[in-house]
Amino acid sequence: MLKGIRVIDFTNYLPGPFATLRLAELGAEIIKIEPPGGDPARHTGITKNGNGIIFQANNRQKKSMTLNLKHNEEVEIALKLISSADVVIESFRPGVMEKLGLGYEDAKKVKPDIVYCSITGYGQEGQLSTLGNHDINYMALSGILSQFKDKTGRPVHPSITLADYLGGFAANERILAGLVSRSLTGNGSYHSISITDQLVSLLGNHVMVEKELNQARGIPILNGSIISYALYETSDGRYMSLGALEPKFWQNFCQAHGREDWITEHFSKTEDTNPVFQEVTALFKSKTFYEWIEFAQKVDCCLAPVLEIGELQDNPYFKEKQLIFKSPWGDYQVKMHSDLPQKTLTPPPKKDEHKEEILENILI
């Protein structure tokens with residue numbers, strides 16, 4: 001779908017590389033511009049064969065070229081690349097690209113119809129915009145983290161960087177909108193993504209509920225407070241998710257266990273004082289995790305297992321889609337677009353791997 005679209009990618013770590021990986025799977029040509037030492041993700045955290053796992057997971061299907069943007073002649077090369085491109089995406093702190101001579105206004109001079117996207121934590125302006133920040137900070141400030149609490153009310157430290165990924169999705173949304181606009185008007189556009197602001201955009205229901213009901217945990221029937229929409233522990237210490245909101249699904253669940261007397265308790269509370277909640281809890285603890293999975297496949301009642309990461313690849317649902325696959329270069333990768341056929345795969349590039357190709361075929 002994006003064949004013929006060239007993206008100059010100045011991003012590092014996760015939000016930007018995740019965004020351009022998704023664009024690459026849609027057919028875009030991604031030219032990754034790295035500093036002389038490479039994207040820091042190449043050396044951050046867990047490594048395999050000397051390569052950072054985060055880099056390996058988010059940079060297949062891309063070309064790599066290093067540029068020292070502190071040198072004027074290298075900035076000129078970057079501008080020549082931009083002049084040949086459709087999209088620029090960057091994730092420096094506000095003002096950095098402008099100081100380098102590579103901001104949107106500079107890009108427009110060499111490519112008037114460029115679609116230019118900046119990813120930041122707190123936007124381009126304001127008292128927080130120049131501060132350092134990471135995923136956990138965005139989640140905390142936005143109010144999202146307050147929605148992940150244990151029974152004592154303590155926030156639970158997430159083990160997935162949701163903010164970074166959402167920032168990547170939001171960047172792509174605006175880039176694709178910019179490309180559509182350009183096709184209609186011939187004009188380029190600038191897009192500034194604040195990851196924190198994008199997280200807040202998820203809280204429309206929560207804000208309205210808080211204002212109307214003075215409740216801070218969102219829509220009551222969806223926050224684990226009713227017995228038909230909750231998590232339950234199995235006999236072997238695993239968990240199942242029950243989402244039987246509609247009457248027919250709750251009825252199916254109850255009738256499958258010969259408990260028609262539970263049907264009227266559809267929206268009763270998940271409280272210890274509720275005898276039906278106690279009975280449903282005991283029912284789940286009477287069967288193993290895999291017995292419940294078998295039940296969920298036979299009875300249509302919106303019941304699904306809480307799977308661990310290591311179980312995904314062999315789960316029939318994901319196995320059928322080959323969503324998680326072993327790459328030709330030996331590691332495991334995840335498809336970005338499950339409904340699209342997998343084209344010829346190229347591994348995450350070595351640092352500066354494509355510099356000669358780019359210099360010969362694009363810049364000259």
From [atom1] ([X]) to [atom2] ([Y]), nearest 0.5 Å:
X	Y	atom1	atom2	result
Asp106	Met97	CG	CE	9.0 Å
Ile226	Ser268	CD1	OG	8.5 Å
Leu231	Tyr239	CG	OH	9.0 Å

### Task
In sequence, state the C-alpha distance, the side-chain angles, and the governing distance for Leu283 and Trp262, and then conclude on side-chain contact (heavy atoms from CB on, under 4.5 Å).
CA-CA 12 Å; Leu283 173 64; Trp262 286 352; 3.8 Å; yes

Would you mind checking if [Y] and [X] are paired as a salt bridge, meaning a charged N to carboxylate O distance below 4.0 Å?
X	Y	value
Glu25	Lys335	no
Asp113	Lys111	yes
Asp86	Arg182	yes
Lys63	Glu29	yes

Do the side-chain N and O atoms of [X] and [Y] include a donor-acceptor pair separated by under 3.5 angstrom?
X	Y	result
Asp9	Thr20	yes
Asn252	Trp250	no
Thr346	Arg60	no
Ser118	Tyr190	yes
Gln333	Ser327	no
Asn133	Tyr122	no

Hey, are the side chains of [X] and [Y] touching, using non-hydrogen atoms and a 4.5 Å cut-off?
X	Y	answer
Arg22	Phe169	yes
Gln61	Leu345	yes
His206	Gln147	yes
Val87	Ile8	no
Leu176	Leu23	yes

### Task
Start with the C-alpha distance between Asp236 and Thr288, add both sets of side-chain angles, then the distance that settles side-chain hydrogen bond (donor to acceptor under 3.5 Å, both in side chains), and finish with yes or no.
CA-CA 6 Å; Asp236 47 357; Thr288 68; 4.7 Å; no

### Task
Decide side-chain contact (heavy atoms from CB on, under 4.5 Å) for Glu279 and Arg259; before the verdict, give the C-alpha distance in whole Å, the side-chain angles of both, and the deciding distance to 0.1 Å.
CA-CA 10 Å; Glu279 291 171 356; Arg259 295 303 303 262; 3.0 Å; yes

Check this for me: [X], atom [atom1], are more than 12 non-hydrogen atoms of other residues, nucleotides or ligands nearer than 6.0 Å?
X	atom1	result
Arg6	CZ	yes
Ile309	CD1	no
Glu294	CD	no
Gln127	CD	no

Tell me whether [X] shares a hydrophobic cluster with [Y], the cluster being built from Ile, Leu, Val, Met, Phe, Trp, Tyr side chains joined at under 4.5 Å.
X	Y	value
Phe325	Leu307	no
Leu199	Leu131	yes
Leu128	Leu145	yes
Met65	Phe10	yes

### Task
Identify which one of Ile30, Asn12, Asp39 satisfies the side-chain contact (heavy atoms from CB on, under 4.5 Å) criterion when paired with Pro17.
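Going through Ile30, Asn12, Asp39 one by one, the side-chain contact (heavy atoms from CB on, under 4.5 Å) with Pro17 is satisfied by Asp39 alone.
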
Please report the shortest heavy-atom distance between [X] and [Y], naming the atom on each side.
X	Y	result
Pro40	Tyr13	CB-OH, 3.2 Å
Ile175	Cys117	CG1-CB, 3.8 Å
Pro15	Ile195	CG-CD1, 4.1 Å
Glu210	Ala216	CG-CA, 4.5 Å
Ile193	Ala170	CD1-O, 3.9 Å
Gln255	Ile263	NE2-CD1, 4.0 Å

### Query
Given the rule in the side-chain hydrogen bond (donor to acceptor under 3.5 Å, both in side chains) test, do Arg93 and Thr130 qualify, once you have shown the distances and angles that lead to the verdict?
CA-CA 6 Å; Arg93 292 196 194 194; Thr130 60; 6.0 Å; no

Hey, do the aromatic rings of [X] and [Y] have their centres closer than 6.0 Å?
X	Y	answer
Phe284	Phe253	yes
Phe267	Tyr229	no
His257	Phe295	yes

### Message
If we check side-chain hydrogen bond (donor to acceptor under 3.5 Å, both in side chains) with Ser64, which of these qualifies: Lys32, Glu34, Glu353?
### Response
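Filter result, single survivor: Glu34.
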
### Message
As a quick check of understanding, evaluate side-chain hydrogen bond (donor to acceptor under 3.5 Å, both in side chains) for Ser189 and His191, giving each step before the final call.
### Response
CA-CA 7 Å; Ser189 51; His191 307 271; 2.7 Å; yes

### Message
Please determine whether side-chain contact (heavy atoms from CB on, under 4.5 Å) holds for the pair Met336 and Phe18, giving the CA-CA distance in whole Å, both sets of side-chain angles, and the decisive distance to 0.1 Å.
### Response
CA-CA 9 Å; Met336 297 293 103; Phe18 174 71; 3.7 Å; yes

